[in-house]
Amino acid sequence: MAKKWLHVLEAEFGVGPEFSGHLMPFLEWFADQQPSLAEREKILMGIAAAYRSCQGGQTNSVEEVRLLLAEFATELKKLDETLKVLGVYLERVRQRIKRPALRRVIH
């Protein structure tokens, strides 16, 4: 029964043999559970969805990392500019603060 499900996955759902071949132990276990037709369809659809999500992730992952790094670099530049402005502001505050004159305490 598991081999039949494997064939259905590949033929009807478009799951590649490099992916479906690893599922044989699971499919054998699931076939032993004697699932209903609805349960079988759900599990096959879930496996097919997992396969498609893996396929889509491989092609976009490099581009997604590049985009995230570019956004991170932009945020670092903003942070650098903010720190420079804050440094100038603190320097001005420091210059305006006068040290109190030391008073001699006479007893």
Side-chain angles (χ1 to χ4, degrees):
M1 183 61 100
K3 288 186 180 186
K4 181 180 176 183
W5 290 4
L6 196 64
H7 178 69
V8 169
L9 276 172
E10 292 174 359
E12 294 181 23
F13 291 94
V15 175
E18 72 282 351
F19 185 84
S20 62
H22 298 287
L23 298 172
M24 191 53 106
F26 171 74
L27 292 175
E28 288 172 351
W29 172 83
F30 195 67
D32 290 341
Q33 305 301 312
Q34 299 177 347
S36 67
L37 181 62
E39 291 172 327
R40 182 181 71 100
E41 288 297 315
K42 285 181 183 179
I43 197 69
L44 294 179
M45 289 173 63
I47 291 171
Y51 174 74
R52 285 190 298 276
S53 70
C54 289
Q55 294 302 311
Q58 290 177 352
T59 58
N60 295 330
S61 62
V62 173
E63 194 59 37
E64 185 177 349
V65 169
R66 284 183 184 161
L67 178 64
L68 289 173
L69 286 175
E71 290 176 4
F72 182 68
T74 302
E75 293 301 319
L76 283 177
K77 287 177 185 177
K78 290 178 186 177
L79 182 60
D80 184 52
E81 291 171 6
T82 303
L83 289 174
K84 286 178 183 177
V85 170
L86 185 58
V88 169
Y89 177 77
L90 289 175
E91 182 61 31
R92 289 181 184 168
V93 169
R94 187 182 68 82
Q95 289 173 356
R96 290 186 179 176
I97 295 177
K98 295 181 181 178
R99 290 186 177 177
L102 294 176
R103 295 184 181 172
R104 295 177 120 188
V105 178
I106 303 177
H107 292 278

- Query: Does CE belonging to Met45 count more than 12 external heavy atoms closer than 6.0 Å?
  - Reply: no

Same cluster or not: Phe19 versus Trp29, using hydrophobic residues (I, L, V, M, F, W, Y) connected whenever any side-chain heavy atoms lie under 4.5 Å apart?
yes

ask   = Do Lys78 and Glu81 meet the salt-bridge criterion of a basic N to acidic O distance under 4.0 Å?
value = no

Practice item. For residues Phe13 and Val8, determine if any side-chain heavy atom of one lies less than 4.5 Å from a side-chain heavy atom of the other. Key: yes

Would you check if Met24 and Lys3 make a side-chain contact, meaning some heavy-atom pair closer than 4.5 Å?
-> yes

* Asked: Would one find more than 12 heavy atoms of other residues, nucleotides or ligands at under 6.0 Å from atom CD of Gln95?
  -> yes

Trp5 versus Phe30: any side-chain heavy-atom pair under 4.5 Å?
yes

Result for side-chain contact (heavy atoms from CB on, under 4.5 Å) between Leu27 and one of Ile43, Asp32, Leu6 points to Leu6

Worksheet item: Got Tyr51 and Glu18 here, is their nearest side-chain heavy-atom distance under 4.5 Å?
Response: yes

So NZ of Lys84 and OG1 of Thr82: to nearest 0.5 Å the spacing works out to 11.0 Å

Residues Arg40 and Pro35: closest non-hydrogen pair is N-CB, 4.4 Å

>> Taking the side chain as everything from C-beta on, heavy atoms only, tell me whether Leu23 gets closer than 4.5 Å to Leu9.
In response: yes

Verify salt bridge (charged side-chain N to carboxylate O under 4.0 Å, His left out) between Glu91 and Arg94, making sure each step is shown before the conclusion. CA-CA 5 Å; Glu91 182 61 31; Arg94 187 182 68 82; 2.6 Å; yes

Notebook entry, point to check: Quick one: does Arg96's side chain get under 4.5 Å of Val93's, heavy atoms only?
Noted result: no

Glu39 side-chain N/O to Ser36 backbone N/O, donor-acceptor pair under 3.5 Å
yes

